[in-house]
Amino acid sequence: MRAETFLSMYRVLEGMLDRKYAGRENGSSSMVMRYLSDPESEPVRTQLDLCRELRNLLTHNADADGQPVAEPSKAMLDTLYKIIDYVESPKPALWYATSGERILQAHLGDPALEVMRRMDKHGFSHVPVIEKNALTGVFSMRSVFSYVLKNGGIGEDTRVRDFGELLKMDRPGGGEKFLLLPMQATYHDARAAFERASERNSRLAAVFITENGRKDEPLLGMLTPWDVLGEKATPEERDNGRQPDAYQAIPDAGRQKGR
């Protein structure tokens, strides 16, 4: 019976998720429910929730002879197999990143106040600085604060390039860190980087993705903690213009899925 096969494969999925979250307990009694709240599950979330409901129906309901009250269709069984394949295979970090062409960017010759006005308008905290199609630094609210403390203010003729060392991604004592990853990096690579930073009480503000993880390459995408640690708006909230923290995307930006 397909019901038995479905329940058997669902247990396989539960075992995979148990191993996935081993040592990272968060109080959830169901690893499937935990995965449903994980950004990684977004491409299969609707189908997985349907499988979860079907599993509960098959497990907790039976007729007088103890037989399941429903029989999964072949399509539902195929859907469960596809979900298992999805969980088993690492997903590219780019699937969860805001694509390079949608990221608000600054250039060294841009008036600093104009960039700040655009940041303020959209609620952005960090803007990558691009020069000659390569990532040269990050213009952020923290760099603005440091510049004002050092120079007393920002004038209409102040350019982004005037921030100099404050734009560096690896600036000592900068208080926040940035990481470059190659396009082959997986979601787990990015998530692990944010989690390691959190465990060290460090501030990893964003992960930038280029072809080989070098600054002298075009920016392909940008990830923030909200993209990989579960603290981000749902697709519906993004469609309504809500951003939990607009480090990276213009308000109508969709996710780069690589497909």
Side-chain angles (χ1 to χ4, degrees), residues 1-63 66-99 181-196 198 207 209 220-221 223-238 254-259:
M1 293 176 62
R2 274 199 294 266
E4 294 177 356
T5 303
F6 183 91
L7 290 173
S8 176
M9 297 313 299
Y10 194 91
R11 286 192 291 272
V12 170
L13 174 62
E14 288 178 317
M16 293 170 60
L17 294 177
D18 281 339
R19 292 189 293 274
K20 176 182 177 67
Y21 293 116
R24 293 189 288 158
E25 303 302 329
N26 71 343
S28 175
S29 60
S30 167
M31 291 300 102
V32 172
M33 289 301 297
R34 176 168 182 178
Y35 188 64
L36 283 168
S37 66
D38 192 319
E40 182 184 341
S41 73
E42 186 171 332
V44 297
R45 188 171 297 153
T46 300
Q47 300 96 316
L48 176 56
D49 199 36
L50 184 59
C51 287
R52 181 187 63 82
E53 292 180 356
L54 178 55
R55 176 263 184 190
N56 290 340
L57 180 66
L58 295 174
T59 302
H60 303 299
N61 296 276
D63 62 20
Q67 298 299 314
V69 298
E71 178 77 355
S73 66
K74 182 179 182 300
M76 281 300 301
L77 191 55
D78 289 343
T79 294
L80 182 55
Y81 281 127
K82 290 177 182 177
I83 292 171
I84 290 173
D85 287 341
Y86 177 86
V87 173
E88 191 173 35
S89 303
K91 310 306 175 298
L94 271 175
W95 278 31
Y96 301 88
T98 300
S99 59
L181 288 178
M183 63 184 298
Q184 293 86 1
T186 68
Y187 166 89
H188 299 298
D189 295 329
R191 180 170 186 140
F194 284 113
E195 289 179 340
R196 285 195 301 269
S198 178
V207 168
I209 301 174
L220 301 179
L223 286 157
T224 75
W226 283 263
D227 294 313
V228 296
L229 296 181
E231 302 175 42
K232 69 173 188 174
T234 64
E236 292 77 14
E237 289 170 329
R238 288 200 300 271
R255 289 193 307 129
Q256 160 73 16
K257 292 283 201 309
R259 55 176 179 171

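- Looking at N56, its side chain never comes within 3.5 Å of a backbone N or O of E53 through a donor-acceptor pair.
- In terms of modelled atom types and a separation under 3.5 Å, the side chain of D227 and the main chain of T224 share a donor-acceptor contact.
- Using a 4.5 Å heavy-atom cutoff, the side chains of R52 and M33 are in contact.
- For S8 (side chain) and E4 (main-chain N/O), no donor-acceptor pair under 3.5 Å exists by modelled atom type.
- Here the side chains of Y81 and T5 are in contact, with some heavy-atom distance below 4.5 Å.
- The pair D85-K82 does not count as a salt bridge, with every side-chain nitrogen at least 4.0 angstrom from each carboxylate oxygen.
- Side-chain atoms of C51 and L13, non-hydrogen and from C-beta on, never get closer than 4.5 Å to each other.
- Judged by distance alone, the side chain of E40 and the main-chain N or O of Y35 form no donor-acceptor pair under 3.5 Å.
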Original post:
Step by step, would you call V207 with D189 a side chain to side chain contact (heavy atoms under 4.5 Å, CB included)?
Top reply: CA-CA 10 Å; V207 168; D189 295 329; over 6 Å; no
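- A salt bridge does not link D38 with R34: every distance from a Lys NZ or Arg NE/NH1/NH2 to an Asp or Glu carboxylate oxygen is 4.0 Å or more.
- Rounded to the nearest 0.5 Å, atoms OH (Y10) and CZ (R55) are 5.5 Å apart.
- In this structure, S41 contributes its side chain and V44 its backbone to no donor-acceptor pair below 3.5 Å.
- When all heavy atoms are compared, the tightest approach of A190 to A93 is CB-CB, 4.4 Å.
- For T46 and D49, the side-chain atoms include no donor-acceptor pair closer than 3.5 Å.
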**OP:** Give the C-alpha distance, both sets of side-chain angles, the deciding distance and a yes or no for side chain to side chain contact (heavy atoms under 4.5 Å, CB included) between L50 and L54.
**Re:** CA-CA 6 Å; L50 184 59; L54 178 55; 5.8 Å; no
**OP:** Walk me through it: do M31 and K20 pass the test side chain to side chain contact (heavy atoms under 4.5 Å, CB included)?
**Re:** CA-CA 9 Å; M31 291 300 102; K20 176 182 177 67; over 6 Å; no
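- Here the closest heavy-atom approach between residue Q47 and residue I83 is recorded as C-CD1, 3.9 Å.
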